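Numbers for residues simply follow the sequence, beginning at 1. For clarity, every value in this text was computed on a predicted model and none was experimentally measured. The analysis underlying the following values was restricted to heavy atoms, covering all of them including side chains, and did not include hydrogens, waters or symmetry mates. One-based numbering, in listed order, for ligands and for the atoms of each.
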Amino acid sequence: MSILVTGGAGYIGSHTAAELIEKKEDIIILDNLERGHKEAVLGGKLIVGDLRDKDFLKKVFSENQIEAVIHFAAYIEVGESVVDPLKFYNNNVISTLNLLSAMNEAGVKKIVFSSTAATYGEPENVPIIESDKTLPTNPYGETKLTVEKALKWADKCLGIKHVILRYFNASGAHISAKIGEDHNPETHLIPIILQVALGKRDDIKIFGNDYGTPDGTCIRDYIHVTDLADAHVRALNKLRADNTSEIYNLGNGKGFSVKEVIDIARKVTGQPIKEVLAPKRTGDPAILVASSQKIINELKWAPRYDKLETIIETAWNWHKSHPKGYNI
Ligand code: UFG
């Protein structure tokens with residue numbers, strides 16, 4: 001039996017696939033390669049196709065023995081979701097409904113779903129716990145929350161069990177530097193800072209310095225992508241062991257401001273990294289920090305790369321060896 005990894009050629013998907021391969025799992029990666037990279041696939045079988053194509057999906061499930069699905073395939077850029085929300089509903093919600101239908105028809109009853117801290121919106125408590133209110137402030141977070149709700153009913157009515165993982169700020173790269181983060185265009189803080197360090201950009205723009213935080217810049221909880229990957233393997237094994245649905249946050253429980261991240265990157269890279277002040281970005285909450293106590297207690301998850309220096313160092317090793325991303 002195989003584990004189907006949708007979006008397995010993407011950033012978090014490829015690192016999870018690598019972790020599954022290491023654990024000797026039999027995997028099938030399904031990716032349309034619109035944003036994923038075939039070079040990020042380190043093993044397993046790659047099937048290129050789109051979740052919006054129902055006939056294609058049906059074929060994937062009928063031609064393969066699939067035990068469970070780990071579902072990453074989605075659009076992820078918050079800014080892009082505000083510009084084109086319907087595209088996000090189409091790719092993130094409708095595709096997942098197609099996937100769930102195909103799973104239901106094929107009798108596949110286990111799914112690990114890639115969700116996000118963006119489902120919370122402006123947090124009511126810091127650190128955020130899973131039972132806090134969910135009120136997304138952008139279409140991206142709303143599409144992920146919509147899928148979470150569909151999963152609840154797919155469980156209650158169809159017996160499809162889920163583990164939902166709400167990630168905070170995924171960052172870093174595989175320790176081997178063979179795979180890493182390559183988005184086009186890049187919008188995330190750490191890769192952009194490292195592109196400045198590499199001389200590919202002139203400066204890092206700090207989006208606002210009058211937030212209600214000690215240095216005025218936004219605080220986020222950065223979590224290493226391999227620690228996220230490990231949590232997916234644990235989530236899969238939880239479904240195998242007790243077949244019950246659950247939601248977990250995934251972060252390191254420690255927040256860093258934009259300025260702190262830039263300072264640590266200066267130390268790691270030894271480069272000056274010029275910063276300039278820029279206007280605030282719409283919909284950016286001041287502080288997002290996770291409590292991951294639930295997954296620590298229940299799945300014995302423990303981050304291996306919880307120091308921001310190490311997270312940035314792994315990302316730096318990837319960026320130095322792949323200055324053009326997967327195009328080397
Ligand atoms: N930032 C800058 N300059 C930049 C880029 C980012 O100042 O050039 C700031 C942002 O304003 C934010 C912080 O750096 O305060 C982190 O920004 P990212 O774009 O790296 O990440 P976000 O926190 O906006 O979002 C990320 C993922 C989302 C996910 C969210 C959950 O991109 O998909 O984390 O916390 F929903």
Side-chain angles (χ1 to χ4, degrees), residues 7 10-13 35 72-82 88 91-92 113-123 126-128 132 134-145 147-148 164-172 181 183 185-197 200-213 215-225 228 249-265 273-292 308 311-312 315:
Y11 174 43
I12 306 172
R35 309 227 167 151
F72 294 98
Y75 291 143
I76 60 153
E77 298 294 344
V78 173
E80 190 186 0
S81 80
V82 179
F88 273 62
N91 193 34
N92 295 5
F113 176 60
S114 166
S115 191
T116 169
T119 54
Y120 294 108
E122 199 61 60
V126 179
I128 300 171
D132 283 349
T134 45
L135 203 57
T137 51
N138 55 63
Y140 166 66
E142 193 71 55
T143 59
K144 289 287 183 175
L145 188 60
V147 170
E148 289 194 7
I164 291 167
L165 299 175
R166 291 181 180 154
Y167 330 136
F168 284 63
N169 289 59
S171 39
E181 191 166 8
H183 297 123
E186 189 52 79
T187 62
H188 295 99
L189 181 65
I190 293 177
I192 292 182
I193 292 173
L194 296 179
Q195 288 175 355
V196 180
K200 292 180 66 190
R201 289 180 193 245
D202 294 337
D203 52 51
I204 173 72
K205 296 185 175 44
I206 298 180
F207 296 151
N209 69 351
D210 60 353
Y211 285 93
T213 60
D215 67 18
T217 65
C218 286
I219 292 180
R220 293 289 181 273
D221 182 341
Y222 296 88
I223 174 166
H224 195 276
V225 64
L228 282 180
N249 281 344
L250 274 171
N252 277 317
K254 194 164 163 22
F256 290 89
S257 72
V258 173
K259 276 179 178 268
E260 287 172 328
V261 175
I262 298 170
D263 277 341
I264 294 173
I273 308 180
K274 183 177 170 204
E275 61 180 61
V276 298
L277 184 60
K280 282 181 171 172
R281 200 169 59 175
T282 317
D284 261 347
I287 305 180
L288 283 177
V289 177
S291 163
S292 300
L308 190 56
I311 293 175
I312 294 180

Is any side-chain heavy atom of Ile204 closer than 4.5 Å to one of Leu189?
yes
Test item: Val82 and Pro139 side chains (from C-beta on) under 4.5 Å apart, heavy atoms
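Yes, at least one pair of side-chain atoms sits under 4.5 Å.
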Closest heavy-atom pair, Ile287 versus Pro123, reported as atoms and distance to 0.1 Å, is O-CG, 3.2 Å
Looking only at heavy atoms, which two atoms of Thr134 and Arg166 are closest? And how far apart?
CG2-NH2, 3.9 Å
Pull out every atom of ligand 1 sitting under 4.0 Å from any heavy atom of [X], numbered as shown with elements.
| X | result |
| --- | --- |
| Ile192 | 8 (O) |
| Thr187 | 5 (C), 19 (O) |
| Tyr140 | 33 (O), 36 (F) |
| Ile76 | 33 (O) |
| Leu288 | 35 (O) |
| Ile206 | 7 (O) |

Please write down residue, atom name and distance for the protein heavy atom closest to [atom].
| atom | answer |
| --- | --- |
| atom 31 (C) of ligand 1 | Ala117 CB, 3.6 Å |
| atom 35 (O) of ligand 1 | Asn169 OD1, 3.1 Å |
| atom 20 (O) of ligand 1 | Leu189 N, 2.8 Å |
| atom 15 (O) of ligand 1 | Cys218 CB, 2.9 Å |
| atom 9 (C) of ligand 1 | Val258 CG2, 3.7 Å |
| atom 7 (O) of ligand 1 | Phe207 N, 3.0 Å |
| atom 30 (C) of ligand 1 | Thr116 OG1, 4.2 Å |
| atom 16 (C) of ligand 1 | Tyr222 OH, 3.7 Å |

Quick check on Phe256 - does any of its heavy atoms sit under 4.0 Å from an atom of ligand 1?
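False for this residue.
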Describe, in one word, how the ring planes of His183 and Tyr11 are oriented to each other, choosing from parallel (under 30°), tilted (30 to 60°) and perpendicular (over 60°).
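Ring orientation of His183 relative to Tyr11: perpendicular.
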I need the single residue from Val289, Asp221, Asn169 that forms a side chain to side chain contact (heavy atoms under 4.5 Å, CB included) with Asn252. Which is it?
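With Asn252 as partner, Val289, Asp221, Asn169 yield a single side chain to side chain contact (heavy atoms under 4.5 Å, CB included), made by Asp221.
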Rounded distance (nearest 0.5 Å) linking atom [atom1] of [X] with atom [atom2] of [Y]:
| X | Y | atom1 | atom2 | result |
| --- | --- | --- | --- | --- |
| Leu194 | Ile273 | CG | CD1 | 6.5 Å |
| Asp284 | Phe207 | CG | CZ | 8.0 Å |
| Tyr75 | Ser81 | OH | OG | 12.5 Å |
| Thr187 | Ile76 | OG1 | CD1 | 7.0 Å |

Under 4.0 Å, heavy atoms only, figure out whether ligand 1 is touched by the backbone of [X], its side chain, both or neither.
| X | answer |
| --- | --- |
| Lys205 | backbone |
| Tyr211 | neither |
| Ile204 | side chain |

Test salt bridge (Lys or Arg N to Asp or Glu O under 4.0 Å) applied to Lys205 - qualifying residues, sequence neighbours left out:
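For Lys205, the residues satisfying salt bridge (Lys or Arg N to Asp or Glu O under 4.0 Å) (neighbours in sequence not counted) are Asp203.
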Polar-atom distance check: Ala118 versus ligand 1, any N or O pair below 3.5 Å?
no
Using a distance-only test with no angle check, is there a side-chain donor-acceptor pair under 3.5 angstrom linking Asp215 and Thr217?
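The criterion, which ignores hydrogens and geometry beyond distance, is satisfied for Thr217 and Asp215.
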Nearest non-hydrogen contact with atom 17 (O) of ligand 1 belongs to which option: Arg281, His188, Arg220?
Arg281
